[in-house]
Participant: 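Here it is: the structure, laid out below.
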Amino acid sequence: MNNDQLPSVLPETDRTRHRRLREQGSLDRAQLDAVLEAGFVCHLGVVVDGVPMVVPTVYGSDGRHLYFHGSVASRSLVASPGAAVCVTVTHVDGLVLARSVFEHGVNYRSAMVYGVPRLVTDPEEKLAGLRRLTEQATPGQWDYARQPNRKELAATALLALSLEEASVKIRTGAPDDGDGPDAALGIWAGVLPLKPTWGAPEADPLLPAGIAPPPHITARGGA
Ligand SMILES: Cc1cc2nc3c(=O)[nH]c(=O)nc-3n(C[C@H](O)[C@H](O)[C@H](O)COP(=O)(O)OP(=O)(O)OC[C@H]3O[C@@H](n4cnc5c(N)ncnc54)[C@H](O)[C@@H]3O)c2cc1C
């Protein structure tokens with residue numbers, strides 16, 4: 001699916017209106033898409049039996065929806081269709097080490113999505129959503145691995161959450177106290193960048209000899 005039907009400026013709702021640290025907020029949907037495309041793990045927040053539950057889970061995004069999957073027995077997934085959820089995606093880009101502890105912080109890109117997910121029942125959309133989810137984590141893997149059979153599909157719940165009501169926030173750059181009174185303290189200040197990298201692929205010990213990792217995996221893992 002494409003992004004044509006969603007406005008390029010994120011609509012500010014009462015929930016998504018940035019209040020604190022407003023300068024880090026953005027209404028640019030392209031920035032939201034970039035944050036979502038850069039990750040594959042989100043935190044799904046949902047109230048289950050009156051108690052908030054925040055579940056780390058993988059997702060796929062197609063510019064219009066976030067897709068989540070799991071067992072049909074999963075409590076968070078079973079509770080989600082028809083119930084309001086809040087989903088976050090976070091990338092930590094570095095530690096912001098200021099002169100004062102008060103000004104310490106994190107450089108980051110993050111997104112929050114609010115909505116009521118729907119259970120995907122259309123077989124075509126279910127396969128497309130599962131494909132997106134698989135490809136988001138490992139591009140090229142859907143066509144390489146065996147795809148789900150009818151029994152596996154029946155055991156899997158797929159939820160779709162619209163990206164209509166979402167917000168994005170990004171912090172970059174140096175600490176905020178470089179031009180304040182603490183600048184005279186002689187304390188080192190700056191940013192310690194954090195860059196995730198993949199390691200070399202590690203073969204399953206049960207793998208028969210002669211099966212090499214495919215290029216879409218070695219290309220990422222630097223084997
Ligand atoms: C890794 C990380 C660490 C952080 N650490 C701290 C910390 O220690 N202390 C601190 O005060 N803040 C921290 N923040 C920022 C924090 O996420 C909030 O943006 C900020 O604290 C404002 O919170 P609030 O409850 O006042 O939200 P409000 O400003 O009331 O939120 C209003 C709306 O703004 C949007 N929004 C708020 N925060 C975000 C976000 N991060 N991403 C996308 N949309 C958002 C949501 O739609 C939300 O409903 C951190 C952020 C990240 C990503």
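Every number for a ligand or one of its atoms is a count from 1 in the order of the listing. Please read all numbers here as calculations on a predicted model, not as lab measurements.
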Participant: With backbone taken as N, CA, C and O and side chain as the heavy atoms from C-beta onward, which portion of M112 lies under 4.0 Å from ligand 1: side chain, backbone, both, or neither?
Facilitator: both
Participant: For atom 5 (N) of ligand 1, is some protein heavy-atom partner under 4.0 Å away?
Facilitator: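 Protein heavy atoms within 4.0 Å of atom 5 (N) of ligand 1 - there are none.
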Participant: Applying the side-chain hydrogen bond (donor to acceptor under 3.5 Å, both in side chains) criterion to Y108, which one of K169, Q24, H91 satisfies it?
Facilitator: Q24
Participant: Quick one: do L10 and I170 end up in the same hydrophobic cluster if we chain Ile, Leu, Val, Met, Phe, Trp and Tyr together by side-chain heavy atoms under 4.5 Å apart?
Facilitator: yes
Participant: Give a yes or no on whether atom 36 (N) of ligand 1 lies under 4.0 Å from any heavy atom of the protein.
Facilitator: yes
Participant: In terms of hydrophobic clustering (I, L, V, M, F, W, Y; side-chain heavy atoms under 4.5 Å; direct or indirect links), are M53 and M112 co-clustered?
Facilitator: no
Participant: With a 4.0 Å cut-off on N to O distance, would you call R19 and D14 a salt bridge?
Facilitator: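 Here R19 pairs with D14 in a salt bridge, since their nearest N and O are under 4.0 Å apart.
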Participant: Say whether, by atom type as modelled, one donor and one acceptor occur between the side chain of E125 and the main chain of V120 under 3.5 angstrom.
Facilitator: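 Checked: no pair found.
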Participant: Do me a favour and list the nearest non-hydrogen protein atom to atom 50 (C) of ligand 1 with residue, atom name and distance?
Facilitator: Y108 CE2, 4.3 Å
Participant: Can you find a protein heavy atom under 4.0 Å from atom 26 (O) of ligand 1?
Facilitator: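 Answer yes: something from the protein, a heavy atom, is under 4.0 Å.
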Participant: Find all atoms of ligand 1 within a distance of less than 4.0 Å from any non-hydrogen atom belonging to T90, and give their numbers and elements.
Facilitator: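 Within the 4.0 Å cut-off of T90, ligand 1 contributes 1 (C), 53 (C).
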Participant: As an exercise, state the distance from CG of L153 to NZ of K126, rounded to the nearest 0.5 Å.
Facilitator: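 With rounding to 0.5 Å, CG (L153) is 5.5 Å from NZ (K126).
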Participant: Which protein heavy atom lies closest to atom 34 (O) of ligand 1, and at what distance to 0.1 Å?
Facilitator: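 Residue, atom and distance for the closest contact: H18 ND1, 3.4 Å.
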Participant: Relative to the heavy atoms of Y114, which atoms of ligand 1 are at a distance of less than 4.0 Å?
Facilitator: 47 (O), 48 (C), 49 (O)
Participant: Students should be able to answer this: which protein heavy-atom is nearest to atom 44 (N) of ligand 1, and at what distance?
Facilitator: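 The protein heavy atom lying closest is S167 OG, 2.8 Å.
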Participant: Which atom pair, heavy atoms only, marks the closest approach of H18 to S26?
Facilitator: NE2-N, 3.8 Å
Participant: How far is atom 48 (C) of ligand 1 from its nearest protein heavy atom, and which residue and atom name does that atom have?
Facilitator: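 So the nearest neighbour among protein heavy atoms is R15 O, 3.4 Å.
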Participant: Students should be able to answer this: which protein heavy-atom is nearest to atom 21 (O) of ligand 1, and at what distance?
Facilitator: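 Minimum-distance protein heavy atom for atom 21 (O) of ligand 1 reads R20 NH1, 3.1 Å.
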Participant: Would a hydrophobic clustering, with Ile, Leu, Val, Met, Phe, Trp and Tyr connected at side-chain separations under 4.5 Å, put L161 with L119?
Facilitator: yes
Participant: Between Q24 and ligand 1, which residue portion shows a heavy-atom distance shorter than 4.0 Å: side chain, backbone, both, or neither?
Facilitator: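 Within the 4.0 Å criterion, Q24 makes no contact with ligand 1.
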Participant: How far is atom 42 (N) of ligand 1 from its nearest protein heavy atom, and which residue and atom name does that atom have?
Facilitator: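 For this ligand atom, the closest protein heavy atom is S110 OG, 2.6 Å.
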Participant: Tell me which protein heavy atom sits closest to atom 13 (C) of ligand 1, plus the residue, atom name and distance to 0.1 Å.
Facilitator: L21 CD1, 4.8 Å
Participant: Please check this pair: side chain of D62 against backbone of H65, looking for a donor-acceptor N/O pair closer than 3.5 Å.
Facilitator: yes
Participant: Taking 4.0 angstrom as the limit, do D176 and R171 come out as a salt bridge?
Facilitator: yes
Participant: Polar contacts were defined as any N/O atom of the residue lying under 3.5 Å from an N/O atom of the ligand; does this apply to K169 and ligand 1?
Facilitator: yes
Participant: Considering heavy atoms of the protein only, find what lies nearest to atom 32 (C) of ligand 1 and give residue, atom and distance to 0.1 Å.
Facilitator: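 Going atom by atom, the protein heavy atom closest to atom 32 (C) of ligand 1 ends up being R17 O, 3.2 Å.
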